[in-house]
Amino acid sequence: MTTGTTSSAPDTGEDTGAPKAGGGRRTRTPAATATGRPTRRLVIVESGTKAAKIQKYLGKDYVVEASVGHIRDLPRGAADVPAKHKGEAWARLGVDVDNSFAPLYIITPEKRSKVAELREALKSVDELLLATDPDREGEAIAWHLLDTLKPKIPVRRMVFHEISEPAIRAAVENLRDLDQDMVDAQETRRILDRLYGYEVSPVLWKKVMPKLSAGRVQSVATRIVVARERERMAFVSASYWDIAAQMDAGAEATPRQFGSRLVAIDGTRVATGRDFGPDGRLKSDAASTDAKNGAVALDEAGARRLAEALQGRDLTVESVESKPYTRKPYAPFMTSTLQQEAGRKLRFSADRTMRSAQRLYENGYITYLRTDSTTLSPSAIDAARNQARELYGDAYVPAQPRQYTRKVKNAQEAHEAIRPAGDVFRTPGEIAREVDGDDFRLYELIWQRTVASQMADARGTTMSIRIAGTAATGEAVTFATSGRTITFPGFLKAYVETVDDQAGGEADDAESRLPELTKGQAVTAASLTPEGHSTNPPSRFTEPSLIKQLEDLGIGRPSTYASIIKTIQDRGYVWKKGQALVPSWIAFAVVGLLEHHFGRLVDYDFTAAMEDELDAIAAGTQGRTHWLSGFYFGGDQGSEGSVARAGGLKKLVGVNLEEIDAREINSVPVFDDVVVRVGRYGPYLERIRDGASQRANLPEDLPPDELTREVAEQLFSVPQEGRSLGVDPISGHEIVAKEGRYGPYVTELLPEPEAPPVVEGAKPKKAPAKPKPRTGSLFKGMSTETITLEEALRLLSLPRLVGADPESGEEITAQNGRYGPYLKKGTDSRSLTDEEQLFTVTLEEAVEIYKQPKQRGRRTAAATPPLRELGEDVNSKKPMVIKDGRFGPYVTDGETNASLRKGDSVEQITDERASELLAERRAKAPAPKKAPARKPAARKPAAKKPAAKRAPAKKAPVEK
DNA sequence: CAGTGAGCGAGCTTCCGCTTGACTT
C-alpha cells in the first residue's frame, strides 16, 4: 500500500499502528502458551454459512466468525461523511483526488455491530487468521479487517478454494502474509468505479434527466442492449425462395421418405438467409462471381418455374458423406452459466435463480453460489462419477476423470464450481421431501449438470447427402440434406443444454434419421414445394444472453450479474417485454452521450484493459497512484495504461461539459426528418413540416424498432392524445382528459379554423388570434382514467364568478390553481380549504374570508404547530423545534432552518443531532452568491420553470 | 406537452463488489 494514501475511518478510534499481517512471524502450528493452555485462534471468513462449516472442521481451539462481506467502504453520500471531513471539496467523492487519491473509508453503517462483535471475539484469542476469499476482494476485506480491528496479536492470512476438512486443515498449516499489492489493486478498482460513477452520473443529470446513472458496468450493459436495437432498426429484411423436396428412396428404405432442399442451380449455390447482409442485399462475397462463394438469390417466379420443370424428372444420389459426431459434456455450473440455464430451462430471472440458490446453499444442499470457477474438488469428481456409474452403468463413465480448466476472462476462481454439496451427492429424489418449488427444480438442474460433467462423450454419425437432377428446362439442380444419428448418448442421457429460443440453434441431442443410400442410387421426388423465406434481424438480448455477453467481455462479477440487470431496469434504461430486454429512448440518449463524449469509458474492452492494469498493480509492476492519476487527470501520453487518456476524466466532466449540447443529445434521429426527443416528461416524436414543429406522443410500450414510418405517420396524424370523455352539449366541442406538464387536466378540442384562401403573390396575412381552449386541472383523487364528462364540464366551468365585492365593486372569482383552490380579487388572493368550495362558496362567505389576514405557510387554520419540540441549541441557545415544510421535516431555532437528512427521523432525532444540522447549515449560509452571469440578449431567455428559483450555479443548464 | 397566485430552509440523486439480515404491513 502506498504510504499515506489511505486514511482509516475516523471512528475506528485509537490510532495505534496496526501490526503488519504476519510481520515475518512464523506461527505455523498453535503452540502452547506460557500458561500451558493451547493457542486459541480467531478465524474470520466472509460468509456465515461457511463459518459454521469450518468451525466444525477446526474444533474448539478455533473461533470462526464471518465478516459478512465488506465491512468498510467509501461513503455513499454526504450523509455518510463524518463531520471531520464534511467541508472538504472531495467529500462528495470520498476520494481525495489531489492527495494521491486517498480514499475515505467508513464502517458501513449496517456493519457497526458486526465490527463490535469481531472486536469482542478478538479479546479471547491469541492469534487472528484472516480467511476471507482468495481473490482481490477477499484480500481487501482482510486488509480492512486488519486496519479496522488493529489487533495486538499475531495476524496471518489463510486461504482455501474448497470447503472440506482436508482442504481447511491444509490451509491452517500453510498460512501466508497479506498481499498488499493485491489490496492496492482492489482499492484502485474501487476508486476507479467511484470516480467513473460519481463524476459521469451528474453529467447525465444536467444533460438528460435527474437520477440517471453511469458506471463502468451498467453503461456498457446498456450500450450492448441499445446497439442491438439499433441493428434491428437498421435491418432490412430480404426475401428469398427455394424448393423443399420430399424425397422417396423406395419401399425398402427406412425411413422411406426424407426432406431435402434445393441448394444449387447449374453449380451455383442458391442463396440462403446467411448470404444476405443486414441491408437486405446479398453480401458482396456471396454476390461475387467467384465460383466458390458465388450465390444466386431465387425469387418466387423462379422457384415456381423450376419446381414445375422438375416434376417427374429422374433424380440420382450424387454423394453420401458420413462423419463421426462426438460431443463433450458441458462444464459444471458457475454463477453465470447457472443463471443462463435456469433462465432458459426454468424461465427464472437471474434474481430468482440467485435467491433460490442462496437458500440451497444456506441449507447445505449446494456449494457456494457466487463463483467463476468450473473446478470440482477431487471428492466431488468421485461423487459425480460414482453417481453416474450407479445410474447409467460403467459404459457411461470415462476411464479418466474430466478436468475443466476453461478460464473465463478475468476469472478469480476463489471457489469451486456450483455442485451438490458433500462427498456423496443426494439425488433430487432424496431431497424431494425437504425441498420443493424453485429450490427443488434448481437443485435438480445443478445435480444433473454436475453428474453429466463426469460422463462419457456422446457419439454418433452426421450424414450429408446430395441429390442431383436436371429440370425439363435444362438446369442442373442439386438438393441436399443432412441427418444425425446418435449411437451412444453418453452424458446426453443425463443433461442437454437448452438452446436460446431466439438464436435458432439446434439442441445437441437433436436427431434426424436418413435412410442408407449409395452413390448413384435413383430416388424420386414425392413432392416439390417452392417456399418463401425472409431474413430476420438479430434477436434482442434476454437476461441469459446479456449475462453471457457481459461474461465474455469480462464485465461484472458473479455476485453482480443479477443486480446489473436490476439496475438497468430500475434506471429506466431497459424494460422487459416477455423475456426480451428492450432499451428505452432515454437509454438511446444516454448511450449516445457517452459514446460521443466519453467514448473510451463505454468501449467494450475498457474493462479488459482495466483488468490487465490491475493485474500489473497486483504484481507490483504498476503504481496505483500513477495509474489513477492518468485516468483522472490525464497524463503524459504513451506512458500511461490504456485506460488513461489525454485530457482525463476530470477535464471531460468539467471544462468539456459545455460542449455537450443537451438538445442534440436528447434528439435521437429515427429516419428522414423524424427525431425522437427525450423530454422531461418522457419521449415524443418531432419533425419540422412547413417550418413548424410537429409533435406526437410516443406510447410507453412501443419498442424502438417498431417505430416504423407507418407507425410514426399514424402517431403524427392523431391530432390530440388523451382520453375522449364525450361532447359538451352546449359548445359541441369534444372533451378530453390528458396528462400535462402540471399533471392531469381536461380540455376541449376546438374545431380547426377554416384556412384563409391563399392568394398568389400576396403576403401571408397574419393569422387571427387562435381561440384558446378552456382547460382545468383535475382535483386530487380524480384521474384521467376515471373522470366523467360531467365532472370535466364542471372543471371547465371554472373560474366561477362569486360576485362583486360590496366595498370595492371588484369581482371575486373562485378558481383552481397551482396551489389548489383559491379566491381571487384583483391581485389579492385567499386560499380555500376544499376544492368543493369552488362551486359552493357564497359571496357572503367570500367577503368573510377576505376579512381574514392573508395566511402564511400552510392553508391550515392556525400557524402550523411544530411536529416536535426539542431542547436548546448549543450554539444559539434558542429552543429548537421540528416543523414540516415543503421539502419535508426540518429543524429550526427560529433563525436557521435545516432539513432532516436521510436517516434522521422526527421521532428519534436528538438535540445533539439537531444542533449539528443547524451548525452545518450556518456554516454553509454565508456562501457568496454569485450573481448569475447573464449575457445580455445573447440568447433567448429560457422559459422560467416553476420550480427553478435560483439561477443555476453552473453553466450549461439543461436545454430542452 | 395547459398557463394560474404567495411564500416558506434545499438537498439529493449516482458507482462496483463483497455479504445477508430485519424495521413492519
Side-chain angles (χ1 to χ4, degrees), chain A residues 46-49 66-71 73-74 76-79 92-94 108 110-111 114 132-133 135-138 140-141 144 186 189-205 209-219 358 362 370 556-560 563-564 567 571 679-682 684 695-697 720-722 738-743 745-747 772-777 799 815-819 822-824 827-831 854-858 864 883 885-888 890-892 896-902 921 924-925 946 949-950:
Chain A
E46 290 180 40
S47 150
T49 312
S67 73
V68 199
H70 275 286
I71 55 157
D73 192 12
L74 303 173
R76 258 197 339 275
R92 187 182 68 79
L93 292 172
T108 316
E110 315 86 80
K111 291 293 168 57
K114 174 54 71 181
T132 47
D133 294 350
D135 55 20
R136 203 159 59 209
E137 295 295 327
I141 293 173
H144 279 292
Q186 189 276 347
R189 196 278 306 154
R190 180 68 190 90
I191 292 173
L192 173 115
D193 283 333
R194 169 54 64 92
L195 294 176
Y196 186 147
Y198 274 36
E199 291 285 38
V200 181
S201 296
V203 174
L204 301 181
W205 306 341
M209 208 179 262
K211 296 194 178 181
L212 295 179
S213 63
R216 173 174 57 84
V217 170
Q218 60 168 288
S219 293
Q358 179 76 29
E362 284 175 8
R370 290 178 275 269
R557 308 253 42 237
S559 64
T560 61
S563 60
I564 295 166
T567 300
R571 297 281 168 274
R680 269 289 121 170
Y681 315 102
Y684 58 96
R695 293 174 168 181
N697 261 357
Q720 298 272 359
E721 47 76 60
K738 299 165 73 169
E739 294 289 336
R741 258 193 297 186
Y742 310 117
Y745 70 105
V746 288
T747 187
K772 281 186 178 167
R774 294 173 294 163
T775 61
S777 283
Q815 48 198 298
N816 198 21
R818 221 190 124 192
Y819 310 107
Y822 68 104
L823 292 174
K824 182 177 154 91
T827 56
D828 195 11
S829 67
R830 291 288 186 283
S831 287
K854 205 159 188 171
Q855 291 207 353
R856 294 169 56 88
R858 318 188 87 219
T864 325
K883 286 188 168 183
R886 194 159 51 125
F887 306 118
Y890 65 100
V891 57
T892 178
T896 310
N897 305 315
S899 287
L900 299 201
R901 304 289 172 74
K902 250 172 80 175
R921 179 72 197 117
K924 275 193 188 175
K949 230 174 263 135
R950 287 237 236 105

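On a predicted model such as this, the values are computed, not experimentally measured, just so you know. Throughout, protein chains are lettered first and strands after them, A, B, ... in sequence-line order, and every chain is numbered starting at 1.
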Task: Expected output: side-chain A/K111 to main-chain A/V68 donor-acceptor under 3.5 Å - done: yes
A/R774 atom CZ is separated from B/dG3 atom P, nearest whole Å, by 14 Å
To the nearest angstrom, the OH-P distance between A/Y822 and B/dG3 comes to 14 Å
Sugar-phosphate, base or nothing in reach of A/S201, heavy atoms under 4.0 Å = base
Item to complete: Could you tell me whether a side-chain N or O of A/T108 sits under 3.5 Å from a main-chain N or O of A/I71, the two making a donor and an acceptor?
Response: yes
Protein heavy-atom contacts under 4.0 Å, written 5' to 3' over nucleotides 16-22 of chain B as B (base), S (sugar-phosphate only) or - (none), form the string BBBBS--
- Can any side-chain N or O of A/T747 pair as donor or acceptor with the backbone N or O of A/R774 at less than 3.5 Å? yes
With syn defined as a glycosidic angle within 90 degrees of 0 and anti as anything else, the base of B/dG9 is syn
What one should report as the nearest heavy-atom pair of A/A140 and A/H70 is CB-CE1, 4.4 Å
**Asked** Are the side chains of A/R190 and A/E137 in touch, meaning some heavy atoms are under 4.5 Å apart?
**Response** no
Of A/G817 and A/S777, the one whose closest nucleotide on DNA chain B sits nearer the 5' end is A/S777
Stems in DNA chain B, runs of 3 or more consecutive Watson-Crick or G-U wobble pairs with both distances under 3.5 Å, sorted by first number, are none
Taken to the nearest whole Å, CH2/A/W205 to P/B/dC12 is 11 Å
Subject >> Beyond-backbone contact of A/Y822 with A/R830, side-chain heavy atoms, under 4.5 angstrom >> reply: no
Whole-Å distance, A/R571 CZ to B/dT13 P, equals 11 Å
Minimal heavy-atom distance between A/R194 and A/R92, with the atoms involved, is NH1-O, 4.4 Å
Inset, instruction - Scan A/Y196 against the nucleic acid and name what it touches under 4.0 Å (heavy atoms): base, sugar-phosphate only, or nothing. - result: nothing
*asked:* Quick one, A/Q186 and A/I141 - any side-chain contact, counting heavy atoms below 4.5 Å?
replied: no
Taken to the nearest whole Å, CD1/A/I191 to P/B/dC15 is 18 Å
Separation of B/dA6 atom C1' from A/K824 atom NZ, nearest Å, is 12 Å
Worksheet item: Reckon A/S563 touches a base, only the sugar-phosphate, or nothing at all at heavy-atom distances under 4.0 Å?
Response: nothing
Let's test your reading of the model: under 3.5 Å, does the base of B/dA6 pair with the side chain of A/S831 as donor and acceptor? no
**Prompt:** Looking across every strand, which nucleic acid part, if any, lies under 4.0 Å from A/P202 by heavy atom: base, sugar-phosphate, or nothing?
**Reply:** base
**Flag side-chain contact, heavy atom, 4.5 Å: A/R571 against A/M209** = no
By a 5.5 angstrom centroid cut-off and a 30 degree plane limit, is there stacking between A/Y890 and B/dG9?
no
